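Note that the coordinates shown come from a computational prediction; the quantities given were computed from them, not determined experimentally. Residue numbers start from 1 in every chain, and the chains themselves are labelled A, B, ... in the order their sequence lines are given, proteins ahead of strands. FYI, side chains are in, hydrogens and waters are out, and symmetry mates aren't considered; it's all heavy atoms of this structure.
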Number of protein chains: 2
Amino acid sequence: MKDRMRIGDLSERAGVTQRTVRYYEKMGLIPPGEREGNGQHYYTEETVARLRKIDQLKKLGLSLEEIRDVIDLYFMDPSGVQPKQKVLGILRQHLSEADRKIEGLQQFRTDLLTNIERFEQWLKDAEQL
Amino acid sequence: MKDRMRIGDLSERAGVTQRTVRYYEKMGLIPPGEREGNGQHYYTEETVARLRKIDQLKKLGLSLEEIRDVIDLYFMDPSGVQPKQKVLGILRQHLSEADRKIEGLQQFRTDLLTNIERFEQWLKDAEQL
DNA sequence: TATAAACACGACGTTAACGTCATGTTTGGA
DNA sequence: TCCAAACATGACGTTAACGTCGTGTTTATA
């Protein structure tokens, strides 16, 4: 609930390791948060949300690189104007890829069901002996 | 169309590299095919089909390990009886995982669409200036 | 039969996404 | 103030799924 966590609290609240936080930081997935001259990094509540969103997207099969391309849209403040038309393109691309994957998975699902049924039937038949 | 290809033809027809063939062979995804004492491996038409099916499943996000668990079902001859009840379990598990992934992807798709619309609207508004 | 093309096999290289030390500095509580 | 707990950083390790090289044997063709 604080807006000045160190990496320990952050990682615990987000459910990731400190190594992961540092890795994502270096990869540009989350903003860095150094403070003063001491060297320790301080993070805010939004970073927790970012880490959780990243985790969600990962579970959908997106790579960190892909996530880096879209993550900002989830935390866009309506003030950062720019040639972000590019982002739109990326989004559309991800959209059609998602469509492809969904279609493929549904086909796979159907195949699995068919196989299961065939298999059960075959087991039943074998029992008759 | 031959049933006695060597690795060159096989890999070309299946659209994979020879290294991939050897790797899959070692991983147990395709049956080995040595012949005589010479050392060269000979493959059949079915192996081409297997390689293509493996490629399809890969594109759905299955790992080689997962594929190894189900690939035989696609090429099961109705004669190999055994405690393959286990296979049924694996199939069911894959089924529910596929369901989860589909659901997630659809949510992701919806999110993307929302973001795209919001973004386009925002661009339009900004143009009004 | 002489060779180039094809094949076999071992070993090291590569990318992604971190894990796991090792070592040195900073912070927070008794 | 002192010291254990927390943090920073660098470096090497790990898994998956192959790529790439080097070297040595087999096959096919002129």
Side-chain angles (χ1 to χ4, degrees), chain A residues 2-44 47-48 50-71 94 97 101, chain B residues 2-44 47-48 50-71 94 97 101:
Chain A
K2 275 297 191 71
D3 238 27
R4 189 178 166 73
M5 302 169 257
R6 290 190 304 171
I7 198 169
D9 290 351
L10 174 68
S11 63
E12 190 177 354
R13 297 212 37 218
V16 300
T17 68
Q18 304 191 5
R19 180 68 171 86
T20 299
V21 171
R22 297 208 178 93
Y23 183 63
Y24 287 177
E25 204 167 332
K26 184 170 287 184
M27 294 295 106
L29 283 163
I30 60 176
E34 309 217 13
R35 232 38 183 291
E36 298 146 47
N38 49 20
Q40 306 231 3
H41 297 203
Y42 291 88
Y43 307 87
T44 80
T47 308
V48 177
R50 273 184 91 101
L51 286 173
R52 292 191 175 141
K53 178 57 78 177
I54 289 172
D55 200 51
Q56 283 178 31
L57 296 178
K58 277 194 57 183
K59 284 178 180 159
L60 298 181
L62 298 207
S63 70
L64 292 189
E65 196 179 348
E66 291 177 309
I67 292 174
R68 187 176 46 196
D69 291 340
V70 299
I71 185 71
H94 276 273
E97 275 172 25
K101 280 192 180 178
Chain B
K2 276 296 189 73
D3 237 27
R4 190 178 166 76
M5 300 170 256
R6 290 190 302 170
I7 198 169
D9 290 351
L10 174 67
S11 63
E12 190 177 353
R13 298 212 36 217
V16 302
T17 69
Q18 304 192 5
R19 180 67 171 87
T20 299
V21 171
R22 297 209 178 91
Y23 182 64
Y24 287 177
E25 205 167 331
K26 185 170 285 180
M27 293 297 107
L29 283 162
I30 60 177
E34 308 217 12
R35 234 37 184 292
E36 299 145 46
N38 50 19
Q40 305 231 4
H41 297 203
Y42 292 87
Y43 306 88
T44 80
T47 309
V48 177
R50 273 183 92 99
L51 286 172
R52 292 194 176 138
K53 178 57 80 176
I54 289 172
D55 199 50
Q56 282 177 33
L57 296 178
K58 278 194 56 183
K59 284 179 180 159
L60 297 181
L62 299 208
S63 70
L64 292 188
E65 197 180 348
E66 290 177 309
I67 292 174
R68 188 177 46 197
D69 291 340
V70 298
I71 186 71
H94 275 273
E97 275 171 26
K101 279 192 181 178

Produce a footprint string for nucleotides 1-10 of chain D: one letter per nucleotide, 5' end first; B if the base is under 4.0 Å from any protein heavy atom, S if only the sugar-phosphate is, - if neither.
-----SSBB-
Close N/O contacts between protein and nucleotides 14-17 of chain D (under 3.5 Å):
| unit_1 | atom_1 | unit_2 | atom_2 | d |
| --- | --- | --- | --- | --- |
| D/dA17 | OP1 | B/Leu64 | N | 3.1 |

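One finds the CD1 atom of B/Ile30 at 10.0 Å from the NE2 atom of B/His41 (value rounded to the nearest 0.5 Å). The structure places CG of B/Leu10 at 9.0 Å from CD of B/Glu25, a figure rounded to the nearest 0.5 Å.
The nearest whole Å value for the distance from the CE atom in B/Met5 to the C1' atom in C/dA6 is 16 Å. Summarising the geometry, the separation between CD on B/Glu12 and C1' on C/dA6 is reported as 13 Å, rounded to the nearest angstrom.
At a threshold of 4.5 Å between non-hydrogen side-chain atoms, the residues B/Thr44 and B/Thr47 count as touching. The shortest distance between side-chain heavy atoms of A/Arg6 and A/Tyr43 does not fall below 4.5 Å.
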Only pairs under 3.5 Å count here: list side-chain donor-acceptor contacts from residues 15-24 of chain A, not counting sequence neighbours, and write none if there are none.
| unit_1 | atom_1 | unit_2 | atom_2 | d |
| --- | --- | --- | --- | --- |
| A/Thr17 | OG1 | A/Arg19 | N | 3.4 |
| A/Thr17 | OG1 | A/Thr20 | N | 3.0 |
| A/Thr17 | OG1 | A/Thr20 | OG1 | 2.8 |

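Across B/Ile67, B/Ile71, B/Asp69, a single residue satisfies side-chain contact (heavy atoms from CB on, under 4.5 Å) together with B/Leu62, and that is B/Ile67.
Applying the side-chain hydrogen bond (donor to acceptor under 3.5 Å, both in side chains) rule to A/Glu65 yields no partners; only residues at least two apart in sequence or on another chain are considered. For B/Arg50, the side-chain hydrogen bond (donor to acceptor under 3.5 Å, both in side chains) partners two or more places apart in sequence, or in a different chain, are B/Asp72. Applying the salt bridge (charged side-chain N to carboxylate O under 4.0 Å, His left out) test to A/Asp9 and every residue at least two apart in sequence or in another chain returns nothing.
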If pairs are Watson-Crick or G-U with both distances under 3.5 Å, what is the dot-bracket string of DNA chain D, marking crossing pairs with [ ] and pairs to another strand with |?
||||||||||||||..||||||||||||||
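Under 4.0 angstrom from either OP1 or OP2 of C/dT27 there lies at least one side-chain N or O belonging to A/Asn38. At D/dC18, none of the side-chain N or O atoms of B/Thr17 fall inside 4.0 Å of OP1 or OP2 (strictly under the cut-off).
Remark: the backbone N or O of B/Met27 is paired with a side-chain donor or acceptor of B/Arg68 at under 3.5 angstrom.
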